[in-house]
There are 2 protein chains.
Amino acid sequence: MNELTTRDHIIDAADQLFYMQGYAHTSFADIAEKVKISRGNFYYHFKCKDEILDAVIDLRLENTRKMLVQWEQEGNDPEERIRSFIHILIANQAKIMAYGCPVGTLNTELAKLNHASHADASELFSLFRTWLARQFTLLGREADADDLAMHLLARSQGVATLASAFHDEQFVRQEVRHMCDWVKSCAEGI
Amino acid sequence: MNELTTRDHIIDAADQLFYMQGYAHTSFADIAEKVKISRGNFYYHFKCKDEILDAVIDLRLENTRKMLVQWEQEGNDPEERIRSFIHILIANQAKIMAYGCPVGTLNTELAKLNHASHADASELFSLFRTWLARQFTLLGREADADDLAMHLLARSQGVATLASAFHDEQFVRQEVRHMCDWVKSCAEGI
DNA sequence: AGGCCGCTAGGACGAATGTCCTACGAATCT
DNA sequence: AGATTCGTAGGACATTCGTCCTAGCGGCCT
């Protein structure tokens, strides 16, 4: 039951290809080949390329929400939960070093393309932003929770960018350590 | 004397368009229209699109070197010079909020495209990296100068990414202030 | 069995792409 | 003045792009 439909397969393949190759550089032929369907069959499920992008963004939003809920359930205290966020840099290190952060690079590309869905894509950032801010609030930093969230978001974005430019695994680990230390100092310095 | 040749105009236009639209999404027709030359005339100056990209990267490398030399001459102490670096986020704020960091976004795109010139583009980062490391060395932090350089580079990259995603001017100013404070603490904590 | 409908394949379409070719204008040189 | 060279224009080219159209398959209903 609940089998994956062709539509799901298309979204899934597009999700990966948009991440690995970028949206503009991924063609229908690329997706069709990956899903093993004919190019024409696409337009039964989506009426244009932008619609696939929207579906991909929706999928990522959904998966991100699930992930954040899971972190919230697994982590016993806010500091540990924030560490879960920081450690995606380690967990997805190989992909990040090859393609950068899926959230950051998509936003960057859509901003350049002046694409209508850029606002939707930035909602991915907002998800992390508000989640992190909530954790910082629980940490006793209600007054500057959003600033701290943005700060941490920015640092992880920068690490992803440089990791992909320099392919430096050790740099990632070091920055992750620093960020974890910083979170601890946030909790202590109330 | 020293007038700009057509070749220079092409490189200049490509430089701007690659920044504003991305490399993959910028066509010869786009560049030709901006320079007001015919599309076919291109191949007298460059034999393919990749060659224009290389010329653009060379131009950016050259301009970056000049800028770093200038910062070195203007700044009286290393801390002030590092502040010059940090303040490009303010000086180029409008463009960064619209298109991101020209260095970071080009590297990200070329990484995704698996482009041969990605290594050349990452040299742009290296220029800032070694220059910053030298300033941190002069600041008395020889032992971890490169780590500090990478850390600051990453933070400014992250700020650029989020600035373009959220279009938040105040966030940029705040992070710039934090980075300047951080540099000061680097100098003091010898 | 016959008819309907969800889904698919495959090709046609015009527009746009990167690349190449050839002819022309203007300057320079002999 | 004639010849040569540098730079340019404009179109031809094969390919690929996103999009659309139509015919056919298979399962479901009556």
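Here is how names work: the chains are called A, B, and so on, in the same order as the sequence lines, proteins then strands, and each is numbered from 1. Because the structure is predicted, anything quoted here is derived from the model rather than measured.
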**Student:** Between B:H45 and D:dT8, does any side-chain N or O lie under 4.0 Å from OP1 or OP2?
**Tutor:**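 For B:H45, the contact criterion (side-chain N or O under 4.0 Å from OP1 or OP2 of D:dT8) is met.
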**Student:** Roughly how many Å is it from CG in A:D8 to C1' in C:dC7, rounded to a whole number?
**Tutor:**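 Rounded to the whole Å, the gap is 15 Å.
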**Student:** Identify the pairs formed between an N or O of the protein and an N or O of nucleotides 22-26 of chain D at a distance under 3.5 Å, and give each distance.
**Tutor:**
none

**Student:** Can you pull the ring-ring contact (aromatic ring centres under 6.0 Å, His included) pairs that have at least one residue in residues 57-86 of chain B, sequence neighbours excluded?
**Tutor:**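 Found B:W71-B:W131, B:F85-B:F128.
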**Student:** Could you tell me how the ring of A:F125 sits relative to the ring of B:F166: parallel (under 30°), tilted (30 to 60°) or perpendicular (over 60°)?
**Tutor:**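 Aromatic pair A:F125/B:F166 classed tilted.
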**Student:** Take the C1' atoms of the five end pairs on each side of the helix from C:dA1-D:dT30 to C:dC24-D:dG7, derive the two axes, and give their angle rounded to 10 degrees.
**Tutor:**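 The two end axes of the helix from C:dA1-D:dT30 to C:dC24-D:dG7 meet at 10°.
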**Student:** Between B:R134 and B:E72, does any NZ, NE, NH1 or NH2 come within less than 4.0 Å of an OD or OE carboxylate oxygen?
**Tutor:**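 B:R134 and B:E72: salt-bridged.
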**Student:** Quick one: sort the B:F28 and B:F42 rings into parallel, tilted or perpendicular, breaks at 30° and 60°.
**Tutor:**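 Ring orientation, 0 to 90° scale: tilted.
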**Student:** Report the distance from atom CZ of A:F42 to atom C1' of D:dC17, rounded to the nearest whole Å.
**Tutor:**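 Rounded to the whole Å, the gap is 13 Å.
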**Student:** Grab the CD-C1' distance between A:E33 and D:dT16 for me, whole Å please.
**Tutor:**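 From A:E33 CD to D:dT16 C1': 14 Å.
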**Student:** For B:L139 and B:V183, which heavy atoms make the closest approach, and how far apart are they?
**Tutor:**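 In this case the closest contact between B:L139 and B:V183 is CD2-O, 4.3 Å.
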**Student:** Dump the intermediate steps for side-chain contact (heavy atoms from CB on, under 4.5 Å) on A:D168 and A:L162, then the final yes or no.
**Tutor:** CA-CA 8 Å; A:D168 188 336; A:L162 287 198; over 6 Å; no
**Student:** Do A:L68 and A:T130 come close enough that some side-chain heavy atom pair is under 4.5 Å?
**Tutor:**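 A:L68 vs A:T130: side chains apart.
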**Student:** Can you tell me if the side-chain N/O atoms of A:Y44 get under 4.0 Å from OP1 or OP2 in C:dC7?
**Tutor:**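 So the side chain of A:Y44 is within the cut-off, an N or O lying under 4.0 Å from OP1 or OP2 of C:dC7.
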**Student:** Please state how far atom CZ in A:F46 lies from atom P in C:dC7, giving the value in whole angstrom units.
**Tutor:**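 Whole-Å distance recorded here is 13 Å.
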**Student:** Enumerate the residue pairs fulfilling side chain to side chain donor-acceptor pair (under 3.5 Å) with a member in residues 147-158 of chain B, sequence neighbours excluded, ordered by first and then second residue.
**Tutor:**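 Non-adjacent pairs meeting side chain to side chain donor-acceptor pair (under 3.5 Å): A:Q174-B:D147, A:E175-B:H151, B:H151-B:R155.
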**Student:** Where do B:H115 and B:L53 land on the side-chain contact (heavy atoms from CB on, under 4.5 Å) test, with the steps shown first?
**Tutor:** CA-CA 10 Å; B:H115 198 284; B:L53 176 61; 3.5 Å; yes
**Student:** Look at B:T6 and D:dT8 and indicate whether a side-chain polar atom (N or O) is within less than 4.0 Å of OP1 or OP2.
**Tutor:**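 Yes, within the criterion.
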**Student:** Pairs in or reaching into residues 30-45 of chain B: which pass side chain to side chain donor-acceptor pair (under 3.5 Å), with residues at least two apart or in two chains?
**Tutor:**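 Listed once each, the pairs are B:S27-B:D30.
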**Student:** What does the B/S/- profile of nucleotides 10-23 of chain C look like, 5' to 3', with a 4.0 Å heavy-atom cutoff to protein?
**Tutor:** BBB----SBBBB--
**Student:** Could you please spell out the steps behind the side-chain contact (heavy atoms from CB on, under 4.5 Å) verdict for A:V103 and A:T64?
**Tutor:** CA-CA 10 Å; A:V103 179; A:T64 303; 5.7 Å; no
